[in-house]
Undergrad: 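Quick one: this structure, given as structure tokens, is what I'll be asking you about.
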Amino acid sequence: MQKRNLEDNALNEQELKDMLVEGLNPIQKEAVLHKNGPLLILAGAGSGKTRVITHRISYLVKCCGIWPSEILAITFTNKAANEMKERVEKMLGFSSRGIWIGTFHSMMLRILRQHAERIGFETNFTILDIDDQQRLLKEILAELKIDDDLLNVRTVQNKISSAKNRMLSCEDLANDAEYDNLRKQVAEVYRNYQLALKRGNSMDFDDILVNAVKLLQNNQDVLDAYQTRFKHILVDEYQDTNHVQYLIVKLLSAKHKNICVVGDDDQSIYSFRGANIENIFNFEKDFKRSKVIKLEQNYRSTKTILGAANAVIKQNDGRTDKRLWTEEVTGDPISFYLADNQYEEARYVASEIKRLTERRTDSILAGDIGILYRVNALSRNLEFALREQGIKYNIYGGLRFYDRKEIRDFLAYMRVIFSDTDELAIIRIINVPKRGIGDLTVERLRNIAGREGIPLMQVLVNADQFPELSRATNSIREFVGIIAELRQMMLDNNLSFPEFAREIQERSGLLQDLVEQKDDGSEQALNRIENLKEILSDSIEYTERIKYEIEQFKLLDENLDQAEVPELAQDAQDIYDEDLSLTTLTGGFLEQTALFSDLDQSEAENTVRLMAIHSAKGLEFDAVFIVGMEESVFPGYRSFNSPHEMEEERRLAYVGITRAKRYLHLTATQSRLLYGQTKYNIVSRFLSEIPDQYIVEIGGSRHSNLSHDSGVRVFGGKNGPSSIPDQRKYSSSGPGSKSKILGSFGLRNKPETNLKQKNQLDISSIKTGQSLNHNKFGTGIVERIDFVASDAILTMNFSGQIKRMMASSAPLEKID
DNA sequence: GAGGAAGCCATTTTT
DNA sequence: TGGCTTCCTC
């Protein structure tokens, strides 16, 4: 296959070229055909960037004499990587096999495995999942006797992660923290945490990148090899890369300087986890003699939707200069519905969906509809209403498959069987299902291991030698027996991998335990059993995929002149040589599940999709509903005191709006019950940023008492192709005009809307300098009051410790 | 060691 | 509100 491509190449380059850019606009073509040197593609929403990337890769291979193995393409998610792989494969056929397409993490992991010893790890180092990470941190916090109120697990975890994202070591943090006690403690935890990881020959997710940078920086020969190999590097979603990722790109591209990044600063929505929007702004400075191409034609949305999106994002400062436009029709106006409460909002959405999917002409498939929200907590009412209407839906986000307890437990068993030095996994499952090995015993086990300087498993195996374990020896023996038996099974290599997985579920007792719970009437248990079955099908899929890949490599290998492409041959060899034993498969599967946490669900089904706006990035829907368009929900209250965060919220709004192709529905409520409290928020500022011409309010006079009965007001129904009947035609002065509702809601932005709390803290009476009592932090002084929406953010000083809290919800009381 | 009651605290998420 | 942790009791 490789040879044939070369012949193609020689035969008719021009023809090939034409074929590769067919159907692309001139600017897209330019991006595809760019030859050498750094290239920044500023790709607006819906501008066809994925197409450009895949075509570009094909062009490099087919017309520029670049070997697939000389290309590194990095995407944001595994899903995106798979899609890209598929598309490139379609265009290139076999020859795409050698391309490195994947996320930063998977690509760097691949590199790290090859050279682990260079940075002091064994090749089979393990990767900690978030659970392990938290457990470990918790232990360390307890060991260091750090007060939980001062520094909780989540906070340190974030701080350590963000330090790693910026390539800061614990020493860096410590040096930085001379006068800051809290930071000193974080540095201390960080230090112990790294030591523990090292001891366990393991890394966390961030370490994969950090260690890759260290490897490349400190080993010239390794760096040389990869720099030479990767003649072209492409990075998608560049606006969401962090500093470490930037360093990786910088290092790897330094030799050939063929670095092509694609991104859109307006869609940068991950700064909360370290993404650095400056990376995209600085590209031209960072990569000398770079070329910038702007994809500004949008192929997705109507003029109306795009106009609204542009108007909203325009409110942000410091954007790269670009103007998204479209040749699409004007389309229907965006609708806005203000509901009384969240139930009514949900019912409105459900009935609108029914209408869209059931109308006689131009109906829309449920699968082409998305319901988006700022926070996952908003999905509950929607679910209820959809079920009520018999609309099929799928919820994305929230608890992911691989984060579920039963899946983690199962994988922990697998980990222990695979490597009995995986102590975190041992501790996770030693008493799951319950077999009488409680916290005290676990504590003793660890003490013994520490005292004797032997691995935990060793202690378990020799439990009867330690009198303090006597009460638990039988249970321990049982546990050790299960592991040993399964381990032997793996080494015997008589089962297929899925069969083996099944044995683990059964012999561990996990399945049995759940079956018993189910028999007691637990619905959750039933669900968990389903999930365990689901992971068995994953194991089948995994096995088949590996077999297929090996086939492919064999084929490729036969056609390959080793001297010509040594790296590709090496890749082929690596997999070719694998014995495909149960042990190998187990290791591979574990690695994949550690990294590929979203093997996405059945997407083919025709269902409405519900998700947080973050998860919708990269997707598109014919009709989009964005619910919860209220101040303090969206934008979230946390962004009120930070212009930066507010801009990110706005970008999020922009992402949400631009997901819609034809119909966009925005909804808000007058009163919302969220987190057990009813709030009266005003309508989101993002709504008022959309010019009147693009939007129309449904319902109109909201305040008549009659509006309680039906709840939902839907006009039109099935009589006509347009979803917007005449009554709703927008005019700036009509009863349903947006200026009216926004005006009337401006009035609501008054203290009267405050919901009084139990302790009757009257926001309007608080003054700076006043002392208030907090039920946790004690007496504090109000240093500052920032009024936001119908609430206020108080900056409180509790004897030197500064805290910010919402006046309405913080447990504060006046002092008499 | 296990199970129940009470208390606590709430973005966004991929790897 | 509700999911999760911690504390308390048997």
Side-chain angles (χ1 to χ4, degrees), chain A residues 74-81 102-109 127-130 133-134 138 148-149 152-154 158 161 164-165 203-210 212 237 240-242 244-245 268-275 342 372-381 396-400 402-403 405 431 433-443 471-472 475 524 591-600 611-618 628 632-639 645 648-649 651-653 655-656 672-679 775-776 805-806 809-811:
Chain A
I74 291 170
T75 59
F76 190 63
T77 62
N78 291 303
K79 195 178 150 205
T103 61
F104 273 103
H105 292 263
S106 60
M107 297 294 94
M108 291 310 112
L109 190 58
I127 296 149
L128 252 63
D129 63 39
I130 225 128
Q133 228 183 90
Q134 288 180 347
K138 208 168 168 182
D148 198 59
D149 282 344
N152 61 37
V153 174
R154 257 186 64 171
N158 280 333
S161 172
K164 286 181 178 177
N165 285 165
M203 301 182 188
D204 66 19
F205 285 127
D206 299 314
D207 284 336
I208 295 175
L209 304 186
V210 170
E237 308 280 13
D240 286 321
T241 50
N242 61 34
V244 195
Q245 292 168 332
S268 162
I269 53 175
Y270 280 103
S271 72
F272 68 89
R273 64 174 211 227
Q342 70 276 6
L372 312 181
Y373 31 77
R374 175 66 240 265
V375 291
N376 284 316
L378 294 186
S379 69
R380 190 166 266 121
N381 295 302
Y396 295 76
L399 192 60
R400 283 166 308 161
Y402 282 91
D403 289 339
K405 181 185 177 304
N431 198 32
K434 295 226 168 9
R435 49 173 75 90
I437 307 176
D439 295 346
L440 191 66
T441 307
V442 170
E443 201 44 50
R471 235 175 87 185
S475 310
Q524 194 186 29
E591 178 140 330
Q592 149 161 329
T593 49
L595 225 49
F596 291 48
S597 60
D598 109 296
L599 294 182
D600 31 318
M611 63 190 87
I613 302 176
H614 283 91
S615 318
K617 196 172 75 162
S632 94
V633 175
F634 190 20
Y637 67 90
R638 283 163 201 262
S639 60
E645 285 181 41
E648 181 141 319
E649 296 282 312
R651 290 193 291 270
L652 200 52
V655 169
R672 181 176 297 279
L673 178 65
L674 188 61
Y675 302 135
Q677 285 184 332
T678 304
K679 289 286 169 70
N775 80 353
K776 195 155 162 194
M805 46 191 66
M806 296 305 287
S809 51

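Both backbone and side-chain heavy atoms feed into the values below; hydrogens, waters and symmetry mates do not. In what follows, every chain begins at residue 1, and chains take the letters A, B, ... in the order their sequences are listed.
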Undergrad: Taking atom C1' of B:dT13 as reference, at what distance in whole Å does atom CG of A:Asp206 sit?
TA: 13 Å

Undergrad: Would A:Asp204 and A:Lys164 pass as an ion pair if we require N to O under 4.0 Å?
TA: yes

Undergrad: B:dT12 P sits how many Å from A:Phe76 CZ, rounded?
TA: 15 Å

Undergrad: Measure the distance from NE2 on A:His614 to C1' on B:dT11 and round it to the nearest whole Å.
TA: 8 Å

Undergrad: Quick check: A:Phe76 with A:Phe104 (ring centres under 6.0 Å apart)?
TA: no

Undergrad: Do A:Ile208 and A:Leu595 make a side-chain contact, defined as non-hydrogen atoms from C-beta onward lying under 4.5 Å apart?
TA: yes

Undergrad: Please report the distance, rounded to the nearest Å, between CD in A:Glu237 and C1' in B:dT13.
TA: 13 Å

Undergrad: When the distance from CD of A:Glu648 to C1' of B:dT13 is rounded to whole Å, what number comes out?
TA: 12 Å

Undergrad: Quick check against the 3.5 Å criterion: does A:Glu649 have a side-chain atom that pairs as donor or acceptor with the backbone of A:Phe634?
TA: no

Undergrad: Please measure how far the C1' atom in C:dG3 lies from the corresponding atom in B:dT14, and state the result in whole Å.
TA: 23 Å

Undergrad: Which nucleotide span of DNA chain C, 5' end to 3' end, has atoms closer than 4.0 Å to non-hydrogen atoms of chain A?
TA: C:dT1 to C:dT6

Undergrad: From CG of A:Leu652 over to P of B:dT11, roughly how many Å is that when rounded to an integer?
TA: 15 Å

Undergrad: Are A:Ser615 and B:dT13 close enough that a side-chain N or O sits under 4.0 Å from OP1 or OP2?
TA: yes

Undergrad: Syn or anti for B:dT12? Use the chi torsion, O4'-C1'-N9-C4 for purines and O4'-C1'-N1-C2 for pyrimidines, with syn inside 90° of 0.
TA: anti

Undergrad: Under 4.0 Å, counting only non-hydrogen atoms across every strand here, what does A:Asp204 touch: a base, just sugar-phosphate, or nothing?
TA: nothing

Undergrad: So which protein N/O to nucleotides 1-7 of chain B N/O distances come out below 3.5 Å?
TA:
residue, atom, partner, partner atom, Å
B:dG1, OP1, A:Gly438, N, 3.2
B:dG1, OP1, A:Thr441, OG1, 2.3
B:dG1, OP2, A:Leu440, N, 3.1
B:dA2, OP1, A:Gly436, N, 3.3
B:dA2, OP2, A:Asn431, ND2, 3.2

Undergrad: Is there a donor-acceptor pair under 3.5 Å between the side chain of A:Asn431 and the backbone N or O of A:Lys434?
TA: no

Undergrad: Across the strands shown, which category fits A:Arg374 at heavy-atom distances under 4.0 angstrom: base, sugar-phosphate, nothing?
TA: base

Undergrad: So do the side chains of A:Lys679 and A:Leu674 get within less than 4.5 Å of each other, counting heavy atoms only?
TA: no

Undergrad: Above 12 or not: heavy atoms from other molecules or residues under 6.0 Å from CZ of A:Arg471?
TA: no

Undergrad: Can you confirm whether A:Arg374 sits close enough to A:His614 that some side-chain heavy atom of one is under 4.5 Å from a side-chain heavy atom of the other?
TA: yes

Undergrad: Does the aromatic ring of A:Phe104 sit over the six-membered base ring of B:dT15, closer than 5.5 Å centre to centre and tilted less than 30°?
TA: no

Undergrad: Could you work out which one of B:dT13, B:dT15, B:dT11 sits closest to the side chain of A:Asn376?
TA: B:dT13

Undergrad: Output yes when a side-chain donor or acceptor of A:Thr103 lies under 3.5 Å from a complementary backbone atom of A:Ser106, and no otherwise.
TA: yes

Undergrad: Does the side chain of A:Leu378 come within less than 4.5 Å of A:Val633's, by heavy atoms?
TA: yes

Undergrad: Under 4.0 Å between a side-chain N/O of A:Asn78 and OP1 or OP2 of B:dT15, yes or no?
TA: yes

Undergrad: Would you classify A:Lys138 as touching base, sugar-phosphate or nothing, given that sugar-phosphate means primed atoms plus P, OP1 and OP2, and contacts are heavy atoms under 4.0 Å?
TA: sugar-phosphate

Undergrad: Given 3.5 Å as the limit, does a donor-acceptor pair link the side chain of A:Thr441 with the main chain of A:Ala472, or not?
TA: no

Undergrad: Which listed nucleotide (B:dA10, B:dT15, B:dT13) is nearest to the side chain of A:Thr77?
TA: B:dT15

Undergrad: Check every strand shown and say whether A:Glu645 touches a base, only sugar-phosphate, or nothing at a heavy-atom separation below 4.0 Å.
TA: base

Undergrad: Rounded to the nearest Å, what distance is computed from the CZ atom of residue A:Arg154 to the P atom of nucleotide B:dC8?
TA: 18 Å

Undergrad: Once you apply a heavy-atom cut-off of 4.0 Å, does A:Tyr270 come out as touching a base, just sugar-phosphate, or nothing?
TA: sugar-phosphate

Undergrad: Nearest whole angstrom, please: distance from the C1' of B:dT13 to the OH of A:Tyr402.
TA: 17 Å

Undergrad: Would you classify A:Glu649 as touching base, sugar-phosphate or nothing, given that sugar-phosphate means primed atoms plus P, OP1 and OP2, and contacts are heavy atoms under 4.0 Å?
TA: base

